[in-house]
Amino acid sequence: MAGRILVVDGAPTNRITMKVRLSSACYEVATAASGQEALRMARLIHPQIVLIGANLPDMGGPALCAALRALPQGGEMPVLVLARGDDRVAALSAGASALIDPNGDELTLLARIRGLMRHEALALPDPTPGLAEPGAAFQHDCRPRAVFVADQPATALGWRHALQNRVDFAIAVSEPERTLADAAAGRVAELYLIAADIRQPGDGLRLLSELRSRPHSRDAGFVVALRPERAEMMPVALDLGAGDVLPWDLAGAGFAAEAGLRLQAQLARKHEADRRRNETRRNMHWAMTDPLTGLHNRRFALPRLSELVFAAQDSQRDLAVLLLDLDRFKQVNDSHGHPAGDAVLAEVASRLASALPEDGLLARIGGEEFLAVLPDCPAHAARRVAEDLRRAVMAAPVRLPPGGAAEELGITVSVGVAVGHAGGGQAPDPEALLASADRALLAAKSAGRNRIVIAPQMIAA
């Protein structure tokens, strides 16, 4: 199923019709006949979207929207409300994500639902860690920033004049070329209002697509303004990524208040998506990071080692794996206490990170054991790097926390090195590389510690 939707309507025919339409589009649909039933269902099934229709026997759409927002996790739940007249502004003020036009068509409604579902998915971060995008820099106004792009500057200026006192964000007027150039340079707005037709029919939608494809601007909020005679383009705009579609005459006295609320709602959705994305990225970082040293942990390092081994095989390049173990570390904890041991681990990790080549992978994979992986590194280069790491650890005593038996302590490290050589037609074997490096590490320990042992060369690892 594409997603779980709760349909709320007081008329049985409306509920049945909407359920058939949405089910045919592969959505999982539940229905409720009243506001209280809808609240109970929302607590029970946790819908991804709620559609509030008309004729509810116990409360109006705006009141139900406000009640849904008050539920745990209700602040993140997209809510669409069918509203007429004054209820439109009331629903938006109550937290409606978007409004359903009573005279709207099925294609537009499905496109709006797809847009909300896509928004939920895009709130997740890029799966590749460490690629967080920099925030936009705004020089003259600490408020969020919106950019309006219309067919003529006068049109966009009119929109700004009508809305600037109704919204809590700064508004700039721009042209398509400048908007794209700014986005490419990282000078992005948090919200874009774009006319569907600028110089040519549909070129505003092409601008929308371009901005959504750029890494700096893809997470912005987007709203499209449509002329009345172009109403058939509404589903297209929503499917291209617009969060909402406003009428061209949005600056009119009878619509400006609603337009301001709808733009503000899109900005709020964008901020909520940013918050969820950053939270997920932060959780991913914590899950893959050793909290004491700040290095990658075992959970990240071993899958990454497999990826690097296969990449080395594909490129026919050597790959070096180094296992490093602090010498007599147990004595540090026993004689000086665990705070001293933590200080030693943190300082050694810092020294190793400083001495490792930029393209190397470094992780803490055990109590006092570290893993380093060096792409495109033959045996002679691996020995040189291992020696740099060994010397970096022993270069100076490590200062211990005050109050202990000693102020500083000399630390050494033993290193086992295994180098996998591409070729031979065999499948890469990360586990064999690790095992070979581990045997070399044990040999270094047995030979007196504070030394490096290179394992016999491995083929096709």
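As the structure is a prediction and not an experimental result, all values here were calculated from the model.
Taking 4.5 Å as the limit, some side-chain heavy atom of Leu116 sits within range of a side-chain heavy atom of Arg269. Side-chain contact check for Arg364 versus Leu292: some heavy-atom pair is nearer than 4.5 Å. The shortest distance between side-chain heavy atoms of Arg214 and Glu210 falls below 4.5 Å. Looking only at side-chain heavy atoms (C-beta outward), Leu389 and Phe370 stay at 4.5 Å or farther from each other. Residues Ser34 and Leu56 have side chains not in contact (no heavy-atom distance under 4.5 Å, counting atoms from C-beta outward). Contact annotation: the side chain of Pro144 never approaches that of Leu191 to less than 4.5 Å [non-hydrogen atoms, C-beta and beyond]. Within the 4.5 Å cutoff, the side chain of Val321 has no heavy atoms near those of the Val309 side chain. Under the 4.5 Å side-chain criterion, counting only non-hydrogen atoms from C-beta, Arg114 is in contact with Asp239.
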Query raised in the report: Taking it one step at a time, do Ile100 and Ile52 satisfy side chain to side chain contact (heavy atoms under 4.5 Å, CB included)?
Result: CA-CA 9 Å; Ile100 302 174; Ile52 302 177; over 6 Å; no

**Report entry** Residues Leu302, Leu434; criterion side chain to side chain contact (heavy atoms under 4.5 Å, CB included); working and verdict
**Finding:** CA-CA 10 Å; Leu302 296 188; Leu434 271 177; 3.7 Å; yes

Query raised in the report: Between Leu267 and Asp168, is a side chain to side chain contact (heavy atoms under 4.5 Å, CB included) present by the stated rule, with each step listed?
Result: CA-CA 10 Å; Leu267 186 62; Asp168 189 24; over 6 Å; no

Query raised in the report: Step by step, would you call Leu82 with Asp9 a side chain to side chain contact (heavy atoms under 4.5 Å, CB included)?
Result: CA-CA 10 Å; Leu82 186 149; Asp9 200 293; 5.9 Å; no

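Within 6.0 Å of atom NE2 in His161, 12 or fewer heavy atoms from other residues, nucleotides or ligands are found, so the atom counts as exposed in its surroundings. Residue Asp314 qualifies as enclosed at atom CG: its count of foreign heavy atoms under 6.0 Å is above 12.
In this structure, Leu250 CG and Leu193 CG are separated by 6.0 Å, a value rounded to the nearest 0.5 Å. Taking CG of Asp342 as the reference point, atom OG1 of Thr293 lies at 10.5 Å (rounded to 0.5 Å). The line from CG of Leu180 to OG of Ser213 is 8.5 Å long, rounded to the nearest 0.5 Å. Separating the CZ atom in Arg145 from the CD atom in Glu190 is a distance of 10.0 Å, to the nearest 0.5 Å. The CG atom of Asp101 sits 7.0 Å away from the CE atom of Met234 when rounded to the nearest 0.5 Å. If you take CG on Leu92 and CG on Leu263, they are separated by 10.5 Å, rounding to the nearest 0.5 Å.
In this structure, the side chain to side chain donor-acceptor pair (under 3.5 Å) partners of Asp197, at least two apart in sequence or on a different chain, are Arg230. Scanning for side chain to side chain donor-acceptor pair (under 3.5 Å) contacts around Glu347 gives Arg351, with sequence neighbours left out. Tyr192 meets the ring pair (Phe, Tyr, Trp, His ring centres under 6.0 Å) test with Phe222; sequence neighbours excluded. Evaluation of the side chain to side chain donor-acceptor pair (under 3.5 Å) rule for Arg178 yields no partner, not counting sequence neighbours. Among residues two or more places apart in sequence or in another chain, the side-chain contact (heavy atoms from CB on, under 4.5 Å) test is passed with Asn283 by Glu279, Trp286. Take Arg160 and apply the side chain to side chain donor-acceptor pair (under 3.5 Å) test, not counting sequence neighbours, and it matches no residue. Checked against ring pair (Phe, Tyr, Trp, His ring centres under 6.0 Å), Phe148 has no partners two or more places apart in sequence or in another chain. Contacts of Ala98 classified as side-chain contact (heavy atoms from CB on, under 4.5 Å), with partners at least two apart in sequence or in another chain: Leu80, Arg112.
Taking every heavy atom of both residues into account, Val419 and Ala382 meet most closely at CG2-CB, 4.1 Å. Closest of all the heavy-atom pairs between Pro12 and Gly10 is CD-O, 3.6 Å. The two atoms that bring Gly204 and Ile198 nearest to each other are CA-CD1, 3.8 Å, heavy atoms only. Closest heavy-atom contact between Val188 and Ala183: CG1-CA, 3.7 Å. For Ala251 against Ala162, the heavy-atom pair with the smallest separation is CB-CB, 3.5 Å. Residues Leu319 and Pro375 approach most closely at CD1-CA, 3.5 Å, considering heavy atoms.
Classification of Glu307 and Arg304 as a salt-bridged pair holds, one side-chain N sitting under 4.0 Å from a carboxylate O. Salt-bridge formation is not detected for the pair Arg84/Asp87: no Lys NZ or Arg NE/NH1/NH2 atom is positioned less than 4.0 Å from an Asp or Glu carboxylate oxygen. A salt bridge links Glu76 with Arg275: the distance from a Lys NZ or Arg NE/NH1/NH2 to an Asp or Glu carboxylate oxygen falls below 4.0 Å. Between Glu387 and Arg383 there is no salt bridge, since none of the side-chain N atoms of the basic residue sits less than 4.0 Å from a carboxylate O of the acidic one.
Under a 3.5 Å cut-off, the side chain of Ser209 and the backbone N or O of Leu205 do form a donor-acceptor pair. Between the side chain of Asp388 and the backbone N or O of Leu356, no donor-acceptor pair lies under 3.5 Å. A side-chain donor-acceptor contact under 3.5 Å links Arg69 to the backbone of Gly74. With Asp274 contributing its side chain and Arg277 its backbone, the two residues share no donor-acceptor pair below 3.5 Å. Put simply, the side chain of Asp203 gets close to the backbone of Gln200: a donor and an acceptor are under 3.5 Å apart. A donor-acceptor contact shorter than 3.5 Å links the side chain of Ser217 to the backbone of Leu211. No donor-acceptor distance shorter than 3.5 angstrom exists from the side chain of Thr31 to the backbone of Val7, with no hydrogens or angles considered.
Legend: side-chain hydrogen bond (donor to acceptor under 3.5 Å, both in side chains) pairs involving residues 247-264, not counting sequence neighbours, sorted by first then second residue: Arg88-Glu258, Asp244-Arg262, Glu258-Arg262. Residue pairs meeting the salt bridge (Lys or Arg N to Asp or Glu O under 4.0 Å) criterion with at least one partner in residues 10-25, sequence neighbours excluded, are Arg21-Glu106. Sorted pairs that involve residues 37-52 and meet salt bridge (Lys or Arg N to Asp or Glu O under 4.0 Å), not counting sequence neighbours, are lacking altogether.
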Can you give the donor-acceptor pairs under 3.5 Å from side chains of residues 57-68 to other protein atoms, not counting sequence neighbours?
residue	atom	partner	partner atom	Å
Asp58	OD1	Gly35	N	2.9
Asp58	OD2	Gly35	N	3.3
Asp58	OD2	Gln36	N	3.0

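Screening Leu371, Val415, Ile365 against Leu324 for a side-chain contact (heavy atoms from CB on, under 4.5 Å) leaves a single residue, Val415.
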